[in-house]
2 protein chains.
Amino acid sequence: MNILEKITNELDTLSKSERKVAEVILSSPNTVIHSSIAALAKEANISEPTVNRFCRRLDTKGYPDFKLHLAQSLANGTPYVNRHVDETDSAEEYMSKIFESTMANLELARKSLDPMLINRSVDVLTQANKISFFGLGASAVVAHDAQNKFFRFNVPVVYFDDILMQRMSAINSRQGDVVIVISHTGRTKSLVEVASLAKENDATVIGITSKDTPLAKECSIVLSLDVSEDTDLYMPMASRIAQLALIDVLATGFTLRRGSKFRDNLKKVKDSLRSSRFDRKD
Amino acid sequence: MNILEKITNELDTLSKSERKVAEVILSSPNTVIHSSIAALAKEANISEPTVNRFCRRLDTKGYPDFKLHLAQSLANGTPYVNRHVDETDSAEEYMSKIFESTMANLELARKSLDPMLINRSVDVLTQANKISFFGLGASAVVAHDAQNKFFRFNVPVVYFDDILMQRMSAINSRQGDVVIVISHTGRTKSLVEVASLAKENDATVIGITSKDTPLAKECSIVLSLDVSEDTDLYMPMASRIAQLALIDVLATGFTLRRGSKFRDNLKKVKDSLRSSRFDRKD
DNA sequence: GGAAAAATGAAATTTTATTCCATAATTAGG
DNA sequence: CCTAATTATGGAATAAAATTTCATTTTTCC
C-alpha cells in the first residue's frame, strides 16, 4: 500500500541503477515529488529511462503516476477510526476520539443506507396525511428533532416519547399515515408493539433501526443504520447522531421533492424568527 | 491545508469557467488525479489554459503540482467537504452530500474547540449542585439529549425548552449551579436574557454557541463551535450535530473524572433497561 | 451604448515523459 | 578465462502533456 515501504521491501529485487534511484527517493521523498524525471535521473546519476523502468517495476503506470503514489504516502493521514476512550486520556485526547469516532460511524452509517429505500421513504412521506415520530430515550431526542424539522413543512406531524400516547396514536392511525419508529437496538418491546399496531391499522411504518431486529420485521420500510456504539460508556452516542443525519436526509429529500416554490415557504418560516433575535452588526 | 476545502471556500472568487472545473474536481476528485489536463478540460467543457489558470489561482505551480496537492488531500483521510445539495440531486447524491457535510462540519467544530475550556467545563460540572440545560428550537433537542445523558449520572439535572420555565429556573439559580445555554446563532434574545439572569444569580453559565455572539458575552465559559450551516435549506443541520458531539465530550469527561466505580454505576443504569427489551438470539 | 477590463480558448511553444534501439555490462556454460 | 546469451543501461527520437502567447469574446462599469 504505502509506496515508500514497498520500495524498501523490493530494494533487493532492483538492479544497480534502479537502486540508486530508490536511494535518492528514500533519502528525500519530499524533494522528489516536486522533481521532473530528468532532475531525478540527474540526481541519481542515471538516465531517464531507468527512472521510468523503476516506476513500472513498482506497479505504477509511469513517473507521474509514481509521484502521485509517493505524494499520497507522504500525506500519510489518519483516516477516522473508532477509537475507544481511555481512562487516562487528556481532555484533548478524549475530545478528538469522540469526534473522530462519530465521523467514522457516520461513514459506516452512510454505507449501510440504501438510496432506493430513502427514495421510497421520501415518496411515502410527501404523500402522507399525517406523520408521526416515535422513540424512547436517546431516540426520543431524534424523534423530537424530526418533529421540529417536518413541522416547518406545514404537514401534520406529531412526536411522542410517552408509551401510552404512542400506543393511542398508533391505534388511531390509518391508511395514508406514516409512522416513523426510531430505535437503535430495535428491541424495545413497547416500540415494537407500537410499530405492529400501526401496521395493523394500515399505516406505513418506517423503521430507523439496525439490520435484522424485531422492530425491522414489523416495518413496511426499514432504513437500517449500522454503527458500532462504544459500549464501554453505556450511553448512546454515535447511533443517535447517525439517526439525526438520516432525518436530515429525509427532510432534504422532502423539500427537494416539493420543488422551489415550497422552499420559498421555508424561507418565510426562517424569516419569522428574525424579530426574536439580536441583529448582526456585520 | 486540504485543497478540497480550499476549492470549496474559494468557489465564489472563481470565474464561471473555473467554477466548472471546480465542480468536476469536487464531484470526483479520485478520477481527476489520474486525468491529464486535456481530459479534465474536456470533462468540464472548457479549455486547457483555463484549467491551468484555475490551478494557479489555488496557489499551486501548475496542473501537475495541483494534482499532487489533490492526491495528498485525498490521502489525508478526509475527502469530506461541505457540499451543497442541488435541486437535481438523486437520493444517493443528496444523501452522500449531507453525510459528508456533516462529517466535514464535525471536523471544523473539533478544531474550533479548546480542550482547556472543555477541561474547565468538566471541572465545573463535576462539582455542580444542579445542572440545567436550556435551548430553543433545534437546540432544545440538544438540551433534551444532554438531560438524558447527565440524568444517568445521578446528579440533579433539568432541561427546559419553554422560555418562562427557563427564566424562572435561571432566577432561582445560585452559586454552585451550572447553567448550560445552547444556541448556534447566539442571538436569540430570550436565551441571552436567561444567561444573563443566571449569571446575576451567581450560577456558572456555560455557553455552547458560535464565536463572538451576544450570548457568548454573557457566559462564564464559552465553548465555541464553528460550523458552516448550509443556509440554502433554512434548517439547522450541522450545528446541532456538532452540539450533540460536544455534549458527548462533556459527558465522557464527566464519567472519566468520576472514576471507575462511577462507571459501574452506569452499567447498572443500562442493565435496568434489559427487561424492557427483546433478548438477542446471538 | 461604448470603452475598459476580465475571461476564455486556439494555436504555438516548451517541458516532460516514454519508446525504441544500439551498446555496455553481467552471467552462465564450457 | 573466454564466449554466447541475457540483462541492464542510456542516447536519441518520439509522443504526450503542460504552458505561454495572443487574438477574440464576454462582462463590467461608467
Side-chain angles (χ1 to χ4, degrees), chain A residues 3 6-74, chain B residues 3 6-74:
Chain A
I3 198 122
K6 194 168 182 179
I7 295 173
T8 322
N9 289 340
E10 307 215 345
L11 215 53
D12 30 277
T13 73
L14 297 175
S15 75
K16 198 163 45 169
S17 300
E18 285 169 349
R19 206 166 312 140
K20 283 192 204 165
V21 185
E23 276 157 18
V24 171
I25 294 167
L26 290 174
S27 74
S28 54
N30 273 302
T31 316
V32 172
I33 57 170
H34 295 114
S35 309
S36 70
I37 192 167
L40 175 56
K42 198 176 167 198
E43 185 66 29
N45 274 308
I46 44 81
S47 71
E48 303 179 23
T50 302
V51 176
N52 207 281
R53 281 187 288 261
F54 167 84
C55 296
R56 298 245 167 91
R57 200 170 294 251
L58 290 153
D59 301 317
T60 63
K61 283 182 10 190
Y63 183 66
D65 189 41
F66 168 78
K67 284 210 294 187
L68 235 53
H69 282 263
L70 187 58
Q72 294 202 318
S73 299
L74 292 174
Chain B
I3 198 125
K6 194 167 182 178
I7 296 174
T8 322
N9 289 341
E10 307 215 344
L11 216 52
D12 29 275
T13 72
L14 298 174
S15 74
K16 197 164 45 169
S17 300
E18 286 169 348
R19 205 167 311 140
K20 282 192 204 166
V21 184
E23 275 157 20
V24 172
I25 294 168
L26 289 175
S27 74
S28 53
N30 274 302
T31 315
V32 172
I33 58 170
H34 296 114
S35 309
S36 68
I37 193 166
L40 174 56
K42 197 175 167 199
E43 185 66 28
N45 274 309
I46 44 81
S47 72
E48 303 179 23
T50 302
V51 175
N52 208 281
R53 282 186 288 260
F54 167 84
C55 296
R56 299 246 166 89
R57 201 170 291 251
L58 289 154
D59 302 317
T60 62
K61 283 176 22 184
Y63 184 66
D65 189 41
F66 168 80
K67 282 211 293 187
L68 236 51
H69 282 261
L70 187 58
Q72 294 204 316
S73 299
L74 291 176

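Predicted model only: the values in this text are computed from it and were never measured. Protein chains get the first letters and strands the later ones, always in sequence-line order, with residue 1 at the start of each.
When all heavy atoms of B:E48 and B:A38 are compared, the closest pair comes out as OE2-CB, 3.5 Å. Contact detail for B:I37 and B:Y63: the closest heavy-atom pair is N-CE2, 3.3 Å.
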Check against side chain to side chain contact (heavy atoms under 4.5 Å, CB included), B:H34 and A:D65: CA-CA 8 Å; B:H34 296 114; A:D65 189 41; 3.8 Å; yes

Check against side chain to side chain contact (heavy atoms under 4.5 Å, CB included), A:V32 and A:E43: CA-CA 10 Å; A:V32 172; A:E43 185 66 29; over 6 Å; no

Worked verdict on A:F54 versus A:I7 for side chain to side chain contact (heavy atoms under 4.5 Å, CB included): CA-CA 10 Å; A:F54 167 84; A:I7 295 173; 4.2 Å; yes

Verdict with reasoning, B:I25 to B:L40, per side chain to side chain contact (heavy atoms under 4.5 Å, CB included): CA-CA 8 Å; B:I25 294 168; B:L40 174 56; 4.3 Å; yes

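Between A:T60 and A:L68, the closest side-chain pair of non-hydrogen atoms is not below 4.5 Å. Counting only heavy atoms from C-beta outward, the side chains of B:I33 and A:Q72 approach each other to under 4.5 Å. Between A:N52 and A:R56 there is a side-chain heavy-atom pair separated by less than 4.5 Å.
Comment: B:E10 does not engage B:R57 in a salt bridge, judged by the lack of any side-chain N to carboxylate O separation of less than 4.0 angstrom.
Whole-Å rounding puts the B:R53 CZ to C:dA7 P distance at 9 Å. Distance, A:E18 CD to C:dT26 P: 14 Å, rounded to whole Å. Nucleotide C:dT15 holds its C1' atom 14 Å from the OH atom of A:Y63, rounded to whole Å.
At least one donor-acceptor pair closer than 3.5 Å links the side chain of A:S73 to the backbone N or O of A:I3.
Contacts between residues 42-50 of chain B and DNA chain C, defined by a heavy-atom separation under 4.0 Å, are made by B:I46, B:S47, B:P49, B:T50.
Taking 4.0 Å as the cutoff to heavy atoms of chain A, we find the contact window on DNA chain D bounded by D:dA8 to D:dG11.
Of the residues near DNA chain D, A:R57 and B:P64, the one whose nearest nucleotide (by heavy atom distance) lies more toward the 5' end is A:R57. Judged by closest nucleotide on DNA chain D, B:S35 is the one of B:S35 and B:K16 placed further toward the 5' end.
For the helix from C:dG1-D:dC30 to C:dG30-D:dC1, the rotation axes defined at the first and last 5 base pairs enclose an angle of 30°, given to the nearest 10°.
B:R56 comes within contact range of the sugar-phosphate backbone alone, with a heavy-atom separation under 4.0 Å but no base atom that close.
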